[in-house]
Structures are given as C-alpha cells and as structure tokens.
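All remarks here apply to the structure that follows.
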There are 2 protein chains.
Amino acid sequence: MQLHRADVVDGAVAILDQYGLADLTMRRLAGSLQVQPGALYWHFPNKQALLGAVADNILSPMDEPIESTEWSGEITELAHRLRDCLLAYRDGAELVSATYASRLTTSKGRERLVSAAIRAGMPRHEADLAAYTLLYYVLGQTVDEQSRMQMDSVGALTDDASPLHEDPGTPDATARFDFGLQLFVGGVRHLLGTRAR
Amino acid sequence: MQLHRADVVDGAVAILDQYGLADLTMRRLAGSLQVQPGALYWHFPNKQALLGAVADNILSPMDEPIESTEWSGEITELAHRLRDCLLAYRDGAELVSATYASRLTTSKGRERLVSAAIRAGMPRHEADLAAYTLLYYVLGQTVDEQSRMQMDSVGALTDDASPLHEDPGTPDATARFDFGLQLFVGGVRHLLGTRAR
DNA sequence: ACCTGAACACCGTTCAAGT
DNA sequence: ACCTGAACACCGTTCAAGT
C-alpha cells in the first residue's frame, strides 16, 4: 500500500490527539505508519512543514460559512470557532501557536475578521491590527485553558477528594473567554465611538 | 571554582542572547561552563526549571516602581515594560511564552495590572480576567514581533536591494503595539462606561 | 516514484563513583 | 556537598541503494 501525504497528516493528528505534542515525533509517526523514518522525508521536507500541514488540518473548519451578518456577531462567532478548533484535539492550541509563524496571517479566518472590522467602520490598516490583537488573545487564552485542562485531568487522579467528579473548568472557561472577547469588541466600539463625536 | 545557581542562569542567558533558544541545550550550557552535563542536575531538577529561572531573570525589571498613578497610564507603562523585557534578549519572548505555564500568574507585574483595573472601577473577578487578556496580547504580539525581527535580520543579507539599511520594522512596531494596547484600554473604558449609565 | 537501511550528529536525564 | 564518567533511551535528518 502506497503512503500518501494525507495519510501522514492523518497519522500525525491521531498521535497528537491520543498522546500529545511531545510524543508526536517523526520516528514514532513512522512507526505507526509502518514505515522507516526516512520515508516521511519524501512527503515533507522537514518536521516543521509536517506540523504546518497538521495545523492547517486542525484549522480547516475556519473556512465554513458564518451565520451572523452584523460585524460584532461575526467577530464573536469567528473567535469562538477558532477556540473550538484549537480545543478539538489534544494540544491543538499549543501546536497551532507554536507553528503559526504567519500561518494565521494567510488564513481565511483572519481575512474575515479584518473585513468585519472594516464593516464596523475601521480603516483597513487599523482593522488589520485589530484582527491580530484578537488572534493573539484567542491563542493565548486557549493555550492556557487547554494546558490547565490537562493539568487537571492528571491532577484529578493524584488529587485527594476530587469533589463529585463533575468536569470542572469547562463551564466557566467559556465565560472567561467571552469576557476577553467582549473587552475586545468594546474596545473597537469605544475607538469608533470617540471618533464619531 | 564552585559553580553556583546564579552562574548557571547567567550562562544560560548568555547562550540565549548570542545563539538563540534552539541552541540553549543542557549539554551546550554545560560545555560553556566547563562542566559535565550531569553537573547541571545538581543545581536544577530539569531543563524546564532552568528555563523558568531564566524567564524570571528576564522579567525581573517588572518589579521596579512605576511612574504613573492613573490607572490607564499604569497599565500602559506596565505593558510597555513587559514588552521591553521580552525584547531585551534574543528569543526572550518565545522563552517566556513557552515557559510561563503560570509563571506570569504569580508575577508581581500581573498583580499590579489587576490592581490598576480595580482602581479603574472593575470588580476583582473581572480585573483578573482583564489582566490575563492584556498579558496574552502582549506576549503574542511580542513573540510575533521578535520572530519577524529575526527573519528580517537573516533575510536582509539574502535579500537584494536592502534599502538604505535603516533598521526597518522597529519604528512602527511600537505604534502597532500601542494600537492593541489602546484597544484594550478602550475596552475597559467602554465596559465601565456602559455600566455607569 | 517511493521507500529501506544505516548512519550522523545530536538531545535530556540518571546514577554510581569519586573528591 | 558538588561533580565526573559513562551510560540509557531517545531525537531530526541525510542519503546511497534498492524496487
């Protein structure tokens, strides 16, 4: 059976989700694909490129259409969708954060954020900066959230008296996320508002 | 001559600044200190702990007093100082970003941000979240800025027609940073403003 | 075109043993 | 208390050679 680029990426995603980013090595991936490590280098020039393809894979739902037509609703929806993508796989946020030196820069999601900010009334130059500001927040917040989730899930076994075992963190994590998001949207409104006067 | 904890950290900072994070390995550090790799493990339990100490070192100027007494001025000043700390060493932003699973959480700088937000009129719970929001922005933005600086400095040699060699990026990088900062402060004002009514 | 075999030049970490 | 010597169990990457 021939090994295709997509098989390599799928195998990588599977290892990432089951064992985490630290265990996603070229040798381990090769082993799971029943192939020699060197074989991977026919499909990808190096590990960095492979991780980039994995990141694109994780972020692919970002291209699907959005419901809201109002700028603030669109921004909120895009931010939540990005967070959902990052949380969908173990260490997803860390992987994307580590690999996206200009990966989100070229993404469709970023462009949609920019156009929403323009529709809000910002000049393109500022809309660009605002989009980056929001992306930094979403990435940072979600990396933190996900790493805490993992610390909790291992600590829960060691920890004495885990109270009622009712999946903590997740309920108010979204509320925490929304607060920062609201701060951002409020910042945009404030900037436009003080100018209108 | 005895090797002290501080010598190890200083040696690590020196390698970081001269050769970058990728070259900051335990073996290389041991070599520069004229010591066997295993010797480092008497002073630090593992590499992670060493990097943590390096991060604390880099962030130590955060504890110095602030000029401004107004909340928005204090926040602006703290954000700028954090950025300055991160930019002071090669790969400083990446190192701190990678190492601070709850490193900034316990920092004095974060507490000062929280107290400034409280002084602005926020309840402590929200002030906490707002501080995190700002920290995520500063870290993300500065990591990006610094990685671009490095890409430029190696690309400048390869690149044809480097125009006049006048250190580009740096002038408006601060302006870009200030835009996001202003967006944050505006967000705080907006949130407090809409409540006052 | 696609992969194997085998090597190169590294890693972080451990630990008996030395002083 | 502090460090050496030497090993263990890994890495990413390259590349002649095979099919």
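Here is how names work: the chains are called A, B, and so on, in the same order as the sequence lines, proteins then strands, and each is numbered from 1. Just so it is clear, the structure is predicted and the values come from calculations on it, not from any experiment.
- Taking B:R119 as the reference, B:E74 meet the salt bridge (Lys or Arg N to Asp or Glu O under 4.0 Å) condition, with sequence neighbours excluded.
- Geometrically, B:R28 engages B:Y19 in a cation-pi contact, judged by NZ or CZ lying under 6.0 Å from the ring centre and within 45° of the ring axis.
- The list of side chain to side chain donor-acceptor pair (under 3.5 Å) pairs with a residue in residues 53-64 of chain B, not counting sequence neighbours, reads B:D56-B:R103.
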Tabulate atom names and distances for all N/O pairs under 3.5 angstrom spanning the protein and nucleotides 17-19 of chain D.
none

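- For the side-chain hydrogen bond (donor to acceptor under 3.5 Å, both in side chains) test, residues two or more places apart in sequence or in another chain that qualify with B:S72 are B:E70.
- Taking atom CZ of A:F44 as the reference point, atom C1' of C:dC2 lies 15 Å away to the nearest angstrom.
- For C:dA9 and D:dC10, the P atoms lie 22 Å apart once the distance is rounded to whole Å.
- Going from atom CG of A:L3 over to atom C1' of C:dT4 covers 13 Å, rounded to whole Å.
- Distance A:H43 NE2 to C:dC3 P: 4 Å, rounded to the nearest Å.
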Side-chain donor-acceptor contacts of residues 128-143 of chain B below 3.5 Å, not counting sequence neighbours, with atom names and distances?
{"residue": "B:D128", "atom": "OD1", "partner": "B:R110", "partner atom": "NH1", "Å": "3.2"}
{"residue": "B:Y132", "atom": "OH", "partner": "B:T105", "partner atom": "OG1", "Å": "3.2"}
{"residue": "B:T133", "atom": "OG1", "partner": "B:L129", "partner atom": "O", "Å": "2.9"}
{"residue": "B:Y136", "atom": "OH", "partner": "A:D144", "partner atom": "OD2", "Å": "2.7"}
{"residue": "B:Y137", "atom": "OH", "partner": "B:F177", "partner atom": "O", "Å": "3.0"}
{"residue": "B:T142", "atom": "OG1", "partner": "B:V138", "partner atom": "O", "Å": "2.6"}

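- At a non-hydrogen distance threshold of 4.0 Å, nothing from residues 14-22 of chain B comes into contact with DNA chain C.
- Taking atom CD on A:Q34 and atom C1' on C:dC2, their separation rounds to 17 Å, with Å as the unit.
- When the side-chain nitrogen and oxygen atoms of B:Q2 are compared with OP1 and OP2 of D:dA1, none of them lie within a distance under 4.0 Å.
- Remark: A:A30 pairs with A:V35, A:P37, A:L40 by the side-chain contact (heavy atoms from CB on, under 4.5 Å) rule, at least two apart or across chains.
- Among residues two or more places apart in sequence or in another chain, the side-chain contact (heavy atoms from CB on, under 4.5 Å) test is passed with A:S32 by A:I15, A:L29.
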A:H43 vs A:D7, side-chain hydrogen bond (donor to acceptor under 3.5 Å, both in side chains): CA-CA, chis, key distance, verdict: CA-CA 10 Å; A:H43 298 277; A:D7 303 326; over 6 Å; no
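- A side-chain donor-acceptor contact under 3.5 Å links A:T174 and A:R83.
- The closest side-chain heavy-atom distance from B:D178 to B:H80 is below 4.5 Å.
- With contacts defined as side-chain heavy-atom distances shorter than 4.5 Å, the pair A:R148/A:Q146 does not qualify.
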B/S/- contact track for nucleotides 5-12 of chain D, protein heavy atom under 4.0 Å: S-B---BB
Return all side-chain donor-acceptor pairs below 3.5 angstrom for residues 89-96 of chain B, not counting sequence neighbours, or 'none' if the list is empty.
{"residue": "B:R90", "atom": "NH2", "partner": "B:Q18", "partner atom": "O", "Å": "3.0"}
{"residue": "B:D91", "atom": "OD1", "partner": "B:Q150", "partner atom": "NE2", "Å": "2.9"}
{"residue": "B:D91", "atom": "OD2", "partner": "B:L21", "partner atom": "N", "Å": "2.7"}

Dot-bracket line, read 5' to 3' along DNA chain D, where crossing pairs take [ ] and | marks a partner on another strand, Watson-Crick or G-U under 3.5 Å: ||.|||||...|||||.||
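- Hydrophobic side-chain contacts under 4.5 Å tie A:I118 into a cluster, directly or through other members, with A:V114.
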